[in-house]
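Down below is the structure, laid out as structure tokens.
Convention: sequence-line order gives letters A, B, ...; per-chain numbering from 1. All heavy atoms count here, side chains included; hydrogens, waters and symmetry mates do not.
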There are 2 protein chains.
Amino acid sequence: MTTLTEVARHAGVTPATVSNVLRNRGKVGAATRERVLASVEALGYRPNLTARALAEGRGPTLALMVSSIANPFYPEFALEAERAARKRGHFLLVCNTDDDSNVGSAYLDRIAGTLSQGVLVMNADLHFDDLIKTQRRGASVVLCMWERPDDPPGLSCIAVDFRQAGRLAARHLLELGHRRIGAIVGSAPNGVQAIRYVGLVDALAQVDASLPAKLEQETRFVEDDVEGGYAAAMDLLDASPDLTAIFVSNDFPALGVLHAAADRGLRVPEDLSVIGITDIHWARLSRPALTTVAVPTAQAAEMAVELVLELIHDTPKEPTTWIAGEPQLVVRKSTGPAPSRG
Amino acid sequence: MTTLTEVARHAGVTPATVSNVLRNRGKVGAATRERVLASVEALGYRPNLTARALAEGRGPTLALMVSSIANPFYPEFALEAERAARKRGHFLLVCNTDDDSNVGSAYLDRIAGTLSQGVLVMNADLHFDDLIKTQRRGASVVLCMWERPDDPPGLSCIAVDFRQAGRLAARHLLELGHRRIGAIVGSAPNGVQAIRYVGLVDALAQVDASLPAKLEQETRFVEDDVEGGYAAAMDLLDASPDLTAIFVSNDFPALGVLHAAADRGLRVPEDLSVIGITDIHWARLSRPALTTVAVPTAQAAEMAVELVLELIHDTPKEPTTWIAGEPQLVVRKSTGPAPSRG
DNA sequence: CTGAAAGCGCTAACAC
DNA sequence: GTGTTAGCGCTTTCAG
């Protein structure tokens with residue numbers, strides 16, 4: 001491996017000058033500059049990023065903490081995050097916590113502050129304490145998809161207004177004439193996705209103050225996956241066969257609801273409308289294609305990278321919250337007018 | 001940040017001793033050992049991985065090159081690769097090439113040999129030359145899913161017998177009585193997935209020597225995604241409405257075929273059987289659930305990590321090929337007996 | 001068994 | 001403008 005020093009020797013200058021040429025730092029004479037560049041070329045020199053990181057006190061990698069990169073929403077985010085990082089000369093380390101906070105903890109313990117100066121947090125199964133501790137070690141951390149812009153956490157974050165997403169989904173259903181609406185939420189009643197449900201309640205109350213109370217019987221809090229949505233829909237449809245629409249707080253369980261409807265012989269959207277939130281790639285590929293509320297994933301990823309880099313540059317005393325763009329309704333084929341009941 | 005030296009001072013020993021304790025190197029007296037550990041604990045010391053990497057001459061990160069981590073097969077592989085790496089004290093850098101060989105090239109140029117001593121290659125849009133060059137720079141590279149165990153490339157790789165996968169898929173169709181079989185291949189005729197098609201031809205020829213010739217008219221080479229499969233199926237079904245089964249070289253396009261069948265009013269599997277290869281997570285979630293030939297993804301990922309680590313340890317003159325386990329038929333709901341035509 | 005010393009490859013003051 | 005000099009934090013001979 002060729003080193004900076006070798007290039008310097010080859011060009012007849014000192015390492016410092018080569019470094020200056022490469023970083024466009026300091027002022028270097030055009031002549032020496034050319035000479036150095038020629039040597040770099042001739043020797044096929046490439047800077048050693050590890051050495052540079054050590055000297056600069058911070059490396060070029062960002063850590064992305066997810067519960068499992070195979071969880072289908074994360075790759076879409078990771079792709080954008082990696083691109084954003086790359087555009088800024090950084091690299092992305094993918095850290096699966098395997099839904100185990102100990103693994104997450106250990107990860108932070110090992111890499112934060114040395115290998116990665118910046119940590120992007122996507123999943124919830126990390127203890128807040130660990131993140132705070134991580135910050136004290138000198139790393140910057142940003143929560144990538146905080147669901148409540150109005151209620152910032154104690155950490156820097158990119159916030160997306162999921163309450164509004166819930167409202168948009170609900171209004172769409174309401175405008176189609178649905179009043180018998182069930183809800184499936186992909187988290188615990190006090191979990192992350194609960195705020196989307198609050199959005200639903202908002203919209204319902206606006207139309208008819210009595211609706212939210214009824215809704216409670218027709219809500220299920222479940223695992224945030226296809227199977228969870230399937231089971232909840234079956235259950236809901238058993239309990240309330242007259243539902244004409246199901247609001248689902250996330251696209252995966254919504255896909256499960258589509259399956260449940262099919263297995264029950266219910267036509268979507270003629271007999272039952274289904275709406276999700278997020279607009280994952282697969283939403284457009286389901287049968288029928290899923291109507292959903294798109295969330296600005298790519299933008300959030302880019303903002304997260306930008307914010308964490310800024311925080312690394314200089315860490316403010318107070319956590320920073322950046323708010324990503326508004327959710328957008330995406331009408332596809334899984335929602336339609338409420339059937340008129342004989 | 002606490003450093004090794006600080007720990008040493010605190011414990012009243014030299015940095016070397018602390019290092020020895022931490023790495024379980026050399027022999028350290030039980031007493032000093034205790035003292036050092038106590039100091040590590042007291043100061044909350046964590047080794048600086050960057051410094052260690054520089055001193056050791058190789059870092060703890062492995063690079064995973066993919067065209068796009070959002071391409072749904074990769075995350076499943078990446079998850080396993082990350083786990084395997086983590087188990088061995090390493091970290092995984094995800095590098096998207098964005099289907100652009102220049103991006104891939106630049107990636108290798110920047111990180112290989114310094115940030116990452118090991119490179120796992122999943123995608124094909126990297127020039128072989130670049131990989132060879134990468135090796136000369138001191139990095140180890142392994143191709144993660146080479147499709148032809150019998151025909152090793154010029155690089156170390158994990159091979160999976162995709163020809164056999166093709167055979168298994170074909171035999172399943174044949175055993176169900178299908179003779180009018182169409183094929184959809186998710187790559188160019190001379191592309192990566194072509195060998196799966198060869199497996200199909202093998203099996204067909206074994207049953208009836210005249211079958212392969214007919215098959216040629218009923219084969220489409222397309223983009224390796226849902227849309228590609230959809231369009232090809234539509235085309236195929238137009239050209240040969242009497243097909244009773246479609247062999248698809250990959251699960252994504254197979255999912256598209258399912259959609260095409262639905263849009264044509266064809267019942268699967270009553271009217272048309274569909275089989276894929278790979279067994280991605282979504283295969284079990286389609287309607288009907290996709291019959292497919294499972295490929296040992298997790299095993300290949302683990303082997304790839306192990307091999308690359310071994311190659312880093314000491315690089316043999318000749319490339320190494322490790323062969324992963326056999327593909328396995330997974331029968332679900334998209335295949336059934338060939339309909340008897342009136 | 002423990003200490004001293006050199007060095008990994010690069011950057012960043014500060015001189016010249 | 002360019003060279004000199006110290007490190008960054010750790011590992012690793014080699015002495016003692």
Side-chain angles (χ1 to χ4, degrees), chain A residues 1-37 39-40 43-60 89 110-117 137-139 312, chain B residues 1-37 39-40 43-61 89 110-117 137-139:
Chain A
M1 194 198 355
T2 22
T3 71
L4 222 208
T5 314
E6 286 166 22
V7 174
R9 185 156 32 224
H10 183 107
V13 295
T14 62
T17 303
V18 178
S19 180
N20 280 334
V21 170
L22 264 34
R23 318 301 304 284
N24 291 314
R25 279 281 201 304
K27 33 270 126 178
V28 181
T32 21
R33 186 187 168 70
E34 284 311 309
R35 201 145 33 88
V36 169
L37 258 18
S39 298
V40 166
L43 299 167
Y45 167 76
R46 292 294 177 277
N48 182 323
L49 299 186
T50 299
R52 179 177 285 179
L54 181 58
E56 288 183 331
R58 71 199 127 83
R110 284 204 64 193
I111 68 175
T114 70
L115 242 198
S116 292
Q117 214 53 227
R137 269 229 195 75
I312 289 173
Chain B
M1 197 201 347
T2 7
T3 70
L4 222 207
T5 315
E6 287 167 20
V7 173
R9 186 156 33 222
H10 184 107
V13 296
T14 62
T17 303
V18 178
S19 180
N20 280 333
V21 170
L22 264 34
R23 315 303 302 283
N24 292 313
R25 282 281 200 298
K27 35 268 124 181
V28 182
T32 20
R33 187 186 166 71
E34 285 311 309
R35 201 144 34 88
V36 168
L37 259 17
S39 297
V40 166
L43 271 45
Y45 168 77
R46 292 295 175 277
N48 181 324
L49 298 186
T50 299
R52 178 176 288 178
L54 181 58
E56 288 184 334
R58 69 197 128 84
T61 78
R110 285 204 64 194
I111 68 175
T114 70
L115 244 198
S116 293
Q117 214 53 227
R137 271 234 191 71

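Here B:T17 does not reach the OP1 or OP2 of C:dT2: none of its side-chain N or O atoms lies under 4.0 Å away. The side chain of A:R23 contributes an N or O atom lying less than 4.0 Å from OP1 or OP2 of C:dT11. At C:dT2, none of the side-chain N or O atoms of B:T14 fall inside 4.0 Å of OP1 or OP2 (strictly under the cut-off). Contact annotation: A:T32 side-chain N/O to D:dT2 OP1/OP2 distance is under 4.0 Å.
In this structure, A:V13 reaches the sugar-phosphate backbone alone: every heavy-atom distance under 4.0 Å involves primed, P, OP1 or OP2 atoms, never a base. Using a 4.0 Å heavy-atom distance criterion, A:G29 is classed as a sugar-phosphate-only contact. Base contact: B:S19 has a heavy atom under 4.0 Å from a base atom.
In the set D:dC10, D:dT11, C:dC8, the nucleotide with an atom closest to the side chain of B:A51 is D:dC10. Side-chain proximity of A:E56 to the nucleotides D:dG9, D:dT11, C:dA12 is greatest for C:dA12. Nearest nucleotide to the side chain of B:A55, out of C:dC10, D:dC10, C:dG3: D:dC10.
Following rounding to the nearest Å, A:L54 (CG) and C:dA12 (P) show an atom-to-atom distance of 12 Å. In this structure, the CG atom of A:N20 is 15 Å from the P atom of C:dC14, given to the nearest Å. One can place CG of A:L4 at 9 Å from C1' of C:dT11, the figure rounded to the nearest angstrom. The interatomic distance linking B:L43 (CG) with D:dG9 (C1') rounds to 15 Å, in whole Å. When the P atom of D:dC8 is taken as reference, atom CD of A:Q117 falls 16 Å away, rounded to whole Å. Taking atom CG on A:L115 and atom P on D:dC10, their separation rounds to 13 Å, with Å as the unit. Rounded to whole angstrom, the span from the CG atom of B:N48 across to the C1' atom of D:dG9 amounts to 6 Å. Taking atom CG on B:L49 and atom C1' on D:dT11, their separation rounds to 14 Å, with Å as the unit.
Across all their heavy atoms, B:Y45 and B:L4 have their closest contact at CE1-N, 3.4 Å.
Separation of atoms CG (B:L54) and CG (A:N48) is listed at 6.5 Å; rounding is to 0.5 Å. To the nearest 0.5 angstrom, B:R52 atom CZ is 6.5 Å from B:L22 atom CG. A distance of 11.0 Å separates CD of B:E56 from OG1 of A:T50, quoted to the nearest 0.5 Å.
Remark: side-chain polar atoms of B:T61 are paired, donor with acceptor, to backbone N or O of B:L115 under 3.5 angstrom.
Inter-residue side-chain proximity for B:R33 and B:N24 is flagged as met; some heavy-atom pair is nearer than 4.5 Å. Counting heavy atoms from C-beta on, the side chains of B:L43 and B:H10 come closer than 4.5 Å.
Counting only Watson-Crick or G-U wobble pairs whose defining distances are both under 3.5 Å, the stems of 3 or more consecutive pairs in DNA chain D are C:1-16 with D:1-16.
Checked against A:V28 for a side chain to side chain contact (heavy atoms under 4.5 Å, CB included), the options A:V21, A:V13, A:V18 give a single hit: A:V21.
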